Amino acid sequence: MTVITIERLTKRFPTVTALDQLTVTIGAGVTGLVGANGAGKSTLIKILLGLLPATEGSASVLGLDVVEEAWQIRGRVGYMPEHDCLPPDVSATEFVVHMARMSGLPPDAARERTADTLRHVGLYEERYRAIGGYSTGMRQRVKLAQALVHDPQLVFLDEPTNGLDPAGRDEMLGLIRRIGAEFGISVLVTSHLLGELERIADQVVIIDAGRLLRASTTADFTRTTQVMSVEVTDLPDANGRDRLGAALTSAGLTVWPEGQLLQVNIVDEGTFDVVRDTTADLGLGLVRMQQGRHRMDEVFRDEEEGVTRVG
Ligand SMILES: Nc1ncnc2c1ncn2[C@@H]1O[C@H](COP(=O)(O)OP(=O)(O)OP(=O)(O)O)[C@@H](O)[C@H]1O
């Protein structure tokens with residue numbers, strides 16, 4: 001099921017083109033929108049919410065046009081903005097009830113949904129304390145709660161892990177994963193940290209300077225980047241790793257050294273046989289062959305640098 005369709009979307013500010021002919025389709029589930037700072041992620045979300053007009057192109061969210069039907073979109077979509085936007089002197093309950101009422105929920109339903117949502121994000125105990133005394137992690141959860149309180153079909157989460165320590169980041173990522181899995185709410189989550197989205201996203205869309213770099217399922221993304229670490233004995237000579245590297249390169253494989261190990265790009269099942277046979281032919285001892293994956297952030301870095309190790 002398609003939840004977002006974006007066609008040749010362009011946004012020009014006076015001195016910068018934030019989005020440049022972006023065309024991509026986003027399905028249900030959790031989608032990671034990845035890009036460096038300034039890549040255009042927040043601009044895209046604001047256009048999808050109807051908060052900012054595009055210069056050119058079109059987009060629809062849940063089948064609704066972002067210009068003509070922005071009002072209906074807002075009723076069905078939740079938004080967690082990147083920057084802090086919380087009033088310090090009210091409690092989480094007061095703020096989230098207010099946001100629920102703004103979304104059109106009647107008073108009783110707003111209170112009920114607020115209690116449920118704050119429990120879900122782990123803020124139930126502290127719900128009557130003033131937000132001004134909250135930690136960054138708690139404030140991020142309040143922002144998440146107000147995005148969920150009206151039971152949307154889709155939420156936009158703009159850099160939800162910003163400012164969190166590793167433990168807080170893990171907890172936030174777990175919450176996001178559960179929003180998608182347990183409540184069936186589709187999620188578009190942005191981050192400049194590629195590695196963290198690998199863990200929670202069903203799909204990834206990578207943009208750079210407002211242009212699409214790559215869009216695929218997370219599984220496809222990593223499947224194409226299988227590598228194998230090979231370790232050989234130093235005997236009979238200390239150059240075993242390099243001799244093996246040269247022989248495998250001659251055999252048509254892509255290899256590169258990493259510490260004592262040789263990394264080999266896996267083309268297909270036969271790659272394992274080639275490595276084993278070549279090692280034996282050279283009279284080297286095979287200590288281990290271990291299949292692994294590039295982490296998503298390594299792949300991205302390679303693509304950015306124009307290094308092609310794959311295929
Ligand atoms: N209102 C605006 N006026 C002028 N330029 C803007 C405006 N909003 C964004 N930009 C510029 O557009 C580009 C994309 O910004 P955007 O905020 O969408 O990036 P981002 O990927 O969300 O990065 P970040 O995570 O740092 O916010 C940047 O160069 C930014 O400076």
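Computed from a prediction, not measured in an experiment: that's the story for all the values here. Read the numbers this way: they start at 1 and go in the same order the structure lists the ligands and their atoms.
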Subject >> Close approach of Gly210 to ligand 1, heavy atoms, under 4.0 angstrom >> reply: no
Original post:
Are Glu182 and Arg177 close enough for a salt bridge, meaning some N to O gap below 4.0 Å?
Top reply: no
**OP:** Go through ligand 1 atom by atom and flag the ones less than 4.0 Å from a non-hydrogen atom of Ala36.
**Re:** 21 (O)
Original post:
More than 12 non-hydrogen atoms from neighbouring residues, nucleotides or ligands closer than 6.0 Å to CZ on Arg8, yes or no?
Top reply: no
Original post:
Given the protein's heavy atoms, is any one of them under 4.0 Å from atom 31 (O) of ligand 1?
Top reply: no
**OP:** Would you kindly confirm whether Val287 and Val274 end up in one hydrophobic cluster when ILVMFWY residues are joined by side chain heavy atoms under 4.5 Å apart?
**Re:** no
**OP:** Give a yes/no verdict on whether any heavy atom in Gly35 is under 4.0 Å from an atom of ligand 1.
**Re:** no
**OP:** Number the atoms of ligand 1 from 1 as they appear, then name those within less than 4.0 Å of a heavy atom of Ala18, with their elements.
**Re:** 12 (O), 13 (C), 14 (C)
Subject >> Exam field: side chain Asp202 to backbone Val30, donor-acceptor pair closer than 3.5 Å >> reply: yes
Original post:
Under a 4.0 Å heavy-atom limit, does Glu82 contact ligand 1 with its side chain, its backbone, both, or neither?
Top reply: side chain
Original post:
Has Glu159 got any heavy atom lying under 4.0 angstrom from an atom of ligand 1?
Top reply: yes
Original post:
Can you find an N/O atom of Gly38 closer than 3.5 Å to an N/O atom of ligand 1?
Top reply: yes
Original post:
Would you say atom 14 (C) of ligand 1 has a protein heavy atom nearer than 4.0 Å?
Top reply: yes
Subject >> Within 45° cone and under 6.0 Å: Arg139 NZ/CZ vs Tyr134 ring >> reply: no
Subject >> Proximal candidate to atom 22 (O) of ligand 1 [heavy atom criterion; set Ser191, Ala39, Ser42] >> reply: Ser42
Original post:
Would you call Asp170 and Arg199 a salt bridge, using N to O less than 4.0 angstrom?
Top reply: yes
**OP:** List the closest protein heavy-atom neighbour of atom 9 (C) of ligand 1: residue, atom name, distance to the nearest 0.1 Å.
**Re:** Phe13 CE1, 3.5 Å
**OP:** Just need the protein heavy atom nearest to atom 29 (O) of ligand 1, so name the residue and atom and give the distance.
**Re:** Val16 CG2, 3.8 Å
Original post:
Between Asp108 and Arg111, is there a side-chain N and carboxylate O pair less than 4.0 Å apart?
Top reply: yes
**OP:** Only pairs at least two apart or in different chains count here, so list each side chain to side chain donor-acceptor pair (under 3.5 Å) that has a residue in residues 58-76.
**Re:** none
Original post:
Between Asn37 and ligand 1, which part of the residue brings a heavy atom under 4.0 Å of the ligand: side chain, backbone, both or neither?
Top reply: both
Original post:
Who passes side chain to side chain contact (heavy atoms under 4.5 Å, CB included) against Gln260, sequence neighbours left out?
Top reply: none
Original post:
Which protein non-hydrogen atom lies closest to atom 18 (O) of ligand 1, naming both residue and atom, and how far is it?
Top reply: Thr43 OG1, 2.6 Å
